[in-house]
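Working notes, structure below.
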Amino acid sequence: YDEGCPLVLIAEDMPAALFKEVVESERNILGQAPGNIDSNEVTLRVSKEGGSSSSNLTTYINDTEWSSTGRIGVSMAALSAVKDVSFSRFRALSRLEEMKTYQFLQSRPRAAKLLAALQV
């Protein structure tokens with residue numbers, strides 16, 4: 001994209017559909033909000049072993065690891081990774097859409113041969 005190289009892509013579906021599993025995975029991770037916990041049944045404990053967030057201490061509410069993300073079982077590292085993938089997915093889709101336009105090919109000298117072939 002940045003170098004203006006032409007891209008010829010053959011895919012089974014439109015770009016947005018190709019990312020369907022990524023979108024579903026994002027929704028699964030980001031959609032996990034903590035459930036209602038009866039305060040009479042809450043047991044808090046701190047373990048000296050690191051949890052999924054790789055810290056030296058892990059806080060548990062009952063048997064569930066507490067996460068500062070506010071999501072049950074989702075560490076900050078996992079949430080950050082999902083956010084990175086989400087941004088990359090949107091950027092990739094945007095660039096693929098732009099790269100298929102006449103204006104994009106016309107503005108890239110390295111795409112001149114492809115543009116000429118498409119005009120025949």
Show the numbers, then the answer: is there a side chain to side chain contact (heavy atoms under 4.5 Å, CB included) between Leu7 and Leu96? CA-CA 9 Å; Leu7 172 69; Leu96 287 171; 3.8 Å; yes
Check step by step if side chain to side chain contact (heavy atoms under 4.5 Å, CB included) holds for Leu115 and Tyr102. CA-CA 8 Å; Leu115 184 60; Tyr102 177 80; 3.5 Å; yes
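Under the 4.5 Å side-chain contact rule for hydrophobic residues, Ile10 and Leu18 do not share a cluster.
With sequence neighbours left out, Tyr1 forms a side chain to side chain contact (heavy atoms under 4.5 Å, CB included) with Arg95, Glu98, Met99, Phe104, Arg108.
When all heavy atoms of Leu93 and Ala16 are compared, the closest pair comes out as CD2-N, 3.5 Å. Summarising the geometry of Arg110 relative to Glu3, their closest heavy-atom pair is CD-O, 3.2 Å, with the distance given to 0.1 Å.
With rounding to the nearest 0.5 angstrom, the CD atom of Gln119 is 8.0 Å from the CD atom of Gln106.
Proximity of a side-chain donor or acceptor of Ser107 to a complementary backbone N or O of Gln103 within less than 3.5 Å is detected.
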